[in-house]
Amino acid sequence: MLTPAASATKPDPQDLLAWYDRHRRDLPWRAKPGVTAEPYRVWLSEIMLQQTTVAAVRPYYLKFLERFPTVEALAEAPADAVMQAWAGLGYYSRARNLHACAKAVVDKHGGHFPRTEAELLKLPGIGAYTAAAVAAIAFDEKAAAVDGNVERVMSRVFMIEEPLPKAKPLIRALTEALVPADRPGDFAQAVMDLGATICTPKRPACALCPWMVPCRARAEGLQEAFPKKQKKEAGQLRKGAAFVVLRADDTILLRTRPPQGLLGGMAEPPTSPWEPDYEPSRAVLDAPIEARWQRLPGTVRHVFTHFPLELTVMFAKVSKGTPAPDDMRWTPRLQLHEEALPGAMKKVLAHALGDLPGGKAKSEKPVKGA
DNA sequence: GAGGCGTGGAT
DNA sequence: TATCCAAGCCT
């Protein structure tokens, strides 16, 4: 006897492509229909879009393209300029790898991106997803770009019970089997557009989906239950003190963080260590210079991917000739916007100085009882 | 392979 | 407010 499951249809890539031709998003890094985008632009956008929303990337992408129009221009730029242009986008190792990758493309590939997945994979900052995405989108190589969108779409269409990330190999195999030989680049972008606009994490618009009929999860009414994932627990709160020093010539004391690790290569006012048991009343002992320190009311809170941070802000004014400690520098307050300041540190400076000129940092709300 | 690594928007 | 999570990579 014929069961419904036995007669289930398979997802047809051509149905998806037909949908894409009518509903594709118009994005700054995307070429017009039928035209292949420049590899440099595809690569730049893909790096920026790693774990980052289209809305957040858009202005940064346009700024980068203006300041670094070609891979050669990016390769020749000073590292500081690249980090400064990236400041605020997050995941700063991407910026360092972006610069290193541009140099490698110029030095080892004559300024041309390699066109195969395997060669792209060797470049810094390019992993399995990005290698496949660039190969498919910029060179129309038959590569399967599997990102979070694709994982969600495939998890639902094939109703994959195995949780992520263990299901990744299976999802990759299923996706590879669907990539059409004629339009691999469009297929990659089509699945991502589908995931971003129709097959969304919450309340997917199944009625508008070109793959509604073959979707197994939809057939069971369980689309929102997929993909299954194993979740990890939240990180422990860390506390510390940040030291904002205003010199009489209207300059601020800053330092650059080590190139590796958290906020690597970014600028900051000096801070104490960040620890779960940090006691703010000991902050003066961690101060970078001797001064009449004032503990400002309230705190600055910031949430990183793997832990929340609460900083007490210490403030001091010092006289004009005060030297900067080793590995620190004085930056004019009016030039703070030219520094590579991550969001957390912008909050600290805004807390102490008021809103930054040219910056969009928000000042922290006053704390009750402060 | 599990954890480190930012930020801002949606719910 | 809390939680999730968005076109992942590296170690």
Side-chain angles (χ1 to χ4, degrees), chain A residues 25 27-30 37 41-61 83 86-98 100-101 120-134 136-138 143-153 164-166 168-169 172 175 185 187-197 199-203 224 227 229-238 257-266 268 301-309 340-347 360-362 365:
Chain A
R25 288 177 293 173
L27 301 170
W29 44 87
R30 204 169 256 185
R41 299 184 180 207
V42 174
W43 164 74
L44 178 60
S45 68
E46 290 299 342
I47 301 297
M48 288 185 165
L49 286 161
Q50 289 167 7
Q51 298 289 283
T52 309
T53 58
V54 166
V57 164
R58 194 186 297 264
Y60 282 86
Y61 173 81
M83 298 309 293
W86 195 278
L89 242 199
Y91 285 130
Y92 298 99
S93 65
R94 291 186 298 172
R96 295 192 297 274
N97 285 331
L98 182 86
C101 183
L120 287 162
L121 204 46
K122 296 177 183 172
L123 293 166
I126 296 185
Y129 162 75
T130 304
V134 172
I137 298 171
V146 181
D147 71 332
N149 285 308
V150 180
E151 288 173 352
R152 184 170 57 257
V153 170
L164 288 170
K166 286 189 173 181
K168 279 172 182 268
R172 182 170 180 83
T175 305
F187 178 79
Q189 298 180 89
V191 188
M192 289 189 280
D193 273 19
L194 188 72
T197 65
C199 196
T200 50
K202 304 286 170 64
R203 300 169 60 89
E224 284 192 77
K229 355 182 127 177
Q230 54 177 56
K231 53 178 161 189
K232 41 191 166 186
E233 42 196 293
Q236 188 180 11
L237 172 69
R238 297 183 204 179
R257 295 178 62 89
Q260 307 297 327
L262 181 68
L263 303 175
M266 303 298 286
E268 67 176 4
R301 290 173 161 278
H302 189 82
V303 181
F304 294 101
T305 304
H306 50 301
F307 68 92
L309 174 66
L341 289 163
M345 300 307 163
K346 284 184 178 175
K347 287 184 193 174
K360 56 178 160 62
K362 302 165 280 258
K365 286 188 281 278

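Bear in mind that the values here come from a model prediction, so they are computed numbers and not experimental data. Order of the sequence lines sets the chain letters (A, B, ...), proteins ahead of strands, with each chain counted from 1.
Not a single donor-acceptor pair, N or O on each side, falls under 3.5 Å between the base of dG8(B) and the side chain of T53(A).
Base engagement by R25(A) is indicated by at least one non-hydrogen atom pair under 4.0 Å involving a base atom.
Spacing between atom CZ of R94(A) and atom P of dC9(C) amounts to 11 Å, rounded to whole angstrom units. Across the protein-nucleic acid pair, E46(A) atom CD and dA6(C) atom C1' stand 13 Å apart, rounded to whole Å. To the nearest angstrom, P of dC5(B) lies 12 Å from CG of L309(A). What separates CD of E151(A) from P of dA6(C) is a distance of 10 Å, to the nearest Å. As a whole-Å value, the separation of H306(A) NE2 from dG8(C) C1' is 16 Å.
Separation of the P atoms belonging to dC4(C) and dG3(B) is 16 Å when rounded to the nearest angstrom. A distance of about 14 Å separates the P atoms of dT11(C) and dG6(B), rounded to the whole Å. Rounded to whole Å, the C1' atom of dG1(B) lies 12 Å from the corresponding atom of dC10(C).
The nearest heavy atom of DNA chain C to Q260(A) and to L27(A) marks one nucleotide each, and the one closer to the 5' end goes with L27(A). Where K202(A) and S93(A) meet DNA chain C, the nucleotide closest to each residue was compared, and K202(A) sits on the side nearer the 5' end.
The side chain of F307(A) lies closest to dC5(B), out of dT7(B), dC9(C), dC5(B).
At dG8(C), one or more side-chain N or O atoms of Q51(A) fall inside 4.0 Å of OP1 or OP2 (strictly under the cut-off). Residue T52(A) has no polar side-chain atom (N or O) positioned under 4.0 Å from OP1 or OP2 of dG6(B).
A salt bridge does not link R203(A) with E224(A): every distance from a Lys NZ or Arg NE/NH1/NH2 to an Asp or Glu carboxylate oxygen is 4.0 Å or more.
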